[in-house]
There are 2 protein chains.
Amino acid sequence: MNSRFSTAVHILTLLASTPEERVTSEYIAMSVGTNAVVIRRQLALLREAGLVESKGARGGGWALTRTPERIRLSEVRAALGKEASFRMHRNEPHPKCVVGQNVRQALEGVYAGAEQAVMASLKGWTVADMLREVRLAAQAAHATAGNGVKRTPRNPAG
Amino acid sequence: MNSRFSTAVHILTLLASTPEERVTSEYIAMSVGTNAVVIRRQLALLREAGLVESKGARGGGWALTRTPERIRLSEVRAALGKEASFRMHRNEPHPKCVVGQNVRQALEGVYAGAEQAVMASLKGWTVADMLREVRLAAQAAHATAGNGVKRTPRNPAG
DNA sequence: TTTATCGTAACATTTTTTGTGACGCTTTTA
DNA sequence: TAAAAGCGTCACAAAAAATGTTACGATAAA
């Protein structure tokens, strides 16, 4: 994966933070600091996974299809496809090298296990968790700026 | 991370497969199908982590510092540094957006957990495991080519 | 019928990763 | 002691991947 997962979480948290109204890709783009098309590309993937829905035309925009409590970050990762955190080296190994010819196959098992572990970990977080963490952090930052008090946000995942 | 982890495992497995003799970066490069400098760069990292040692000059080359049973893939990942499987988006979020300003911090917790999960998974594999898997795969391939018989390699990790 | 949106393709740019050549240093060995 | 075979590493080149941009069609609300 690249930074797309980060962006996706950013987007979903933003949508979660304004449950009453649709948000346009243009607006999201400003918030994230990028171009609307980039955002639409991401949202297209999330929509395929059934996490968000869009409405075209005037007054349109994007919204979550479920409450944020019911969107797990493991689903977000799945939505972004197999963009490979764990990537094989693509070099052509020497044809006579037994290791080179077979190490990929061996690695596949390793990667499958690691990917499962990641998904299990991400399953412990929801978009609602993220929104809460964000708000806590914001509060803390504000408090610090104001009077030096700082709170430690609670960590809900395992 | 990129494909460096894959390459590193390839290299270490290769070293494990010839315990009696040192292997030159040139040779490894041929096996992997790349340039010797690339290999040396990788090996430099693995050396810093104490997994391999090199000897310059004629007759020199690379060798493992321990038996392959005692090198866990989690150590390999650690050796390659924090090259981020889980990467933040680097866009500058809009200064007024609460989500944008704080989502990174929230994500850090998520990523820390995921990284731990990956490491725990990789800890279940050693270089010796990889070598065994490679040999099983090679045998299977050979058997298939010869007479159609195929074996399923055992999967040792959890 | 104008306007605000999405959808998407084509192209441009930037960033990251990988590869290459060159050259100095070290140790073995003839 | 000089040649040879290694490593170590820098600077640069090339390739690949990711991200950003422009443009334009389609659609529905106003």
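Remember, it's a predicted structure, so these values are computed and weren't measured experimentally. Values reported hereafter were calculated over all heavy atoms of this structure, with side chains retained and with hydrogens, waters and symmetry mates removed. Naming: A, B, ... by sequence-line order, numbering from 1 per chain.
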Value in whole Å for how far the P atom of dG8(D) lies from CZ of R41(B): 13 Å
Option among R41(A), Q42(A), R40(A) that satisfies the side-chain hydrogen bond (donor to acceptor under 3.5 Å, both in side chains) test with S25(A): R40(A)
Q101(A) side chain reached by P93(A) side chain, heavy atoms, under 4.5 Å: yes
Near-strand residues of residues 10-40 of chain B, defined as heavy-atom separation under 4.0 angstrom from DNA chain C: T34(B), N35(B), V37(B), V38(B)
L46(B) reachable from M119(B) in the ILVMFWY side-chain graph, under 4.5 Å edges: no
Donor-acceptor under 3.5 Å (H94(B) side chain, K96(B) main chain): yes
Ion pair R70(B)/E75(B), N-O distance below 4.0 Å: no
Contact check, side chains of M130(A) and V99(B), non-hydrogen atoms, under 4.5 Å: no
Euclidean distance, atom CZ of residue R87(B) to atom C1' of dT17(C) [Å, nearest integer]: 10 Å
Donor-acceptor under 3.5 Å (S6(A) side chain, R87(B) main chain): yes
Closest-nucleotide 5' rank along DNA chain D - winner of A44(B) and Q42(A): A44(B)
Residues from residues 47-65 of chain A lying under 4.0 Å of DNA chain D - heavy atoms: A57(A), R58(A)
Between dA16(D) (P) and R90(A) (CZ): distance, integer Å: 7 Å
Basic-acidic side-chain contact under 4.0 Å: E53(B), R22(B): yes
Spacing of L43(B) atom CG relative to dG8(D) atom C1', expressed in whole Å: 12 Å
Interatomic distance, M88(A) CE vs dT18(C) C1' [rounded to whole Å]: 18 Å
Rounded to 10 degrees, the angle between the two terminal axes of the helix from dT1(C)-dA30(D) to dA30(C)-dT1(D), each from five pairs: 0°
L14(A) vs C97(B) side-chain heavy atoms within contact, under 4.5 Å: yes
Length of the CG-C1' vector between L46(A) and dC6(C), whole Å: 15 Å
Residue that, paired with L73(A), satisfies side-chain contact (heavy atoms from CB on, under 4.5 Å) out of D129(A), L12(A), V9(A): V9(A)
Check: L107(B) and F86(B) side chains under 4.5 Å, non-hydrogen atoms: no
